[in-house]
Amino acid sequence: MKIIVVDPRRTDTAADADLHLAIAPGTDIALFNAMLHVMLAENLVDDDYIRRHTEGFWLLSWVVREYSPEHAASQCG
């Protein structure tokens, strides 16, 4: 198992992590959008679960189309 910490600060937890993503403060939504962008592009979402347990998800999928990993990286630093 790998431990990934997303935090702009170098905390004790970040120091112990396998990967520390020190993104710019306030850019976590850009990172999450890029992660969902990849999950949708690579068909890594459970469509049945989403249909049963969410509302408006497919509207969100239109928003995250703009959040490629490269786009998010430029925002997150």
Side-chain angles (χ1 to χ4, degrees):
M1 175 172 43
K2 299 271 185 183
I3 298 174
I4 301 170
V5 172
V6 179
D7 193 325
R9 302 162 296 152
R10 181 91 178 148
T11 62
D12 290 341
T13 305
D16 290 338
D18 296 298
L19 176 62
H20 174 214
L21 296 178
I23 62 174
T27 62
D28 51 335
I29 299 299
L31 175 63
F32 300 149
N33 285 346
M35 292 168 68
L36 183 55
H37 171 98
V38 171
M39 291 170 65
L40 289 168
E42 296 185 8
N43 199 28
L44 298 173
V45 295
D46 184 339
D47 293 329
D48 291 332
Y49 181 89
I50 291 168
R51 258 192 303 285
R52 287 192 316 267
H53 300 287
T54 67
E55 293 180 17
F57 181 85
W58 299 111
L59 294 174
L60 175 61
S61 71
W62 284 95
V63 172
V64 301
R65 290 185 326 149
E66 303 299 320
Y67 281 88
S68 67
E70 296 78 17
H71 177 73
S74 71
Q75 288 187 331
C76 295

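Note that these values count all heavy atoms, side chains included, but never hydrogens, waters or copies made by symmetry. Since this is a predicted model, take the numbers as computed values, not measurements. Index from 1, following the sequence.
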Connected via hydrophobic side-chain network under 4.5 Å: [X] and [Y]:
X	Y	result
V38	L40	no
I29	I4	yes
W62	V45	no
M39	Y49	no

*asked:* Take a 6.0 Å sphere around CZ of R52 and say whether it holds more than 12 heavy atoms from other residues, nucleotides or ligands.
replied: yes
_How about CG on D47, more than 12 heavy atoms from neighbouring residues, nucleotides or ligands closer than 6.0 Å, or not?_
yes
Side-chain donor-acceptor pairs under 3.5 Å in residues 53-61, sequence neighbours left out?
| residue | atom | partner | partner atom | Å |
| --- | --- | --- | --- | --- |
| T54 | OG1 | I50 | O | 2.6 |
| S61 | OG | W58 | O | 2.5 |

Show the nearest heavy-atom pair for residues [X] and [Y], with the distance to one decimal.
X	Y	value
I23	P8	O-CB, 3.1 Å
V5	A17	CG2-CB, 3.6 Å
H37	V64	ND1-O, 2.9 Å
V63	Y67	O-CD1, 3.6 Å

*Any chance you could measure R51, atom CZ, to D46, atom CG, to the nearest 0.5 Å?*
9.0 Å
*Nearest 0.5 Å, what's the CG-CG distance between D28 and L21?*
12.0 Å
Sub-3.5 Å donor-acceptor pair from the side chain of [X] to the main-chain atoms of [Y], do we have one?
X	Y	result
T27	A30	no
H20	V6	no
D18	I3	yes

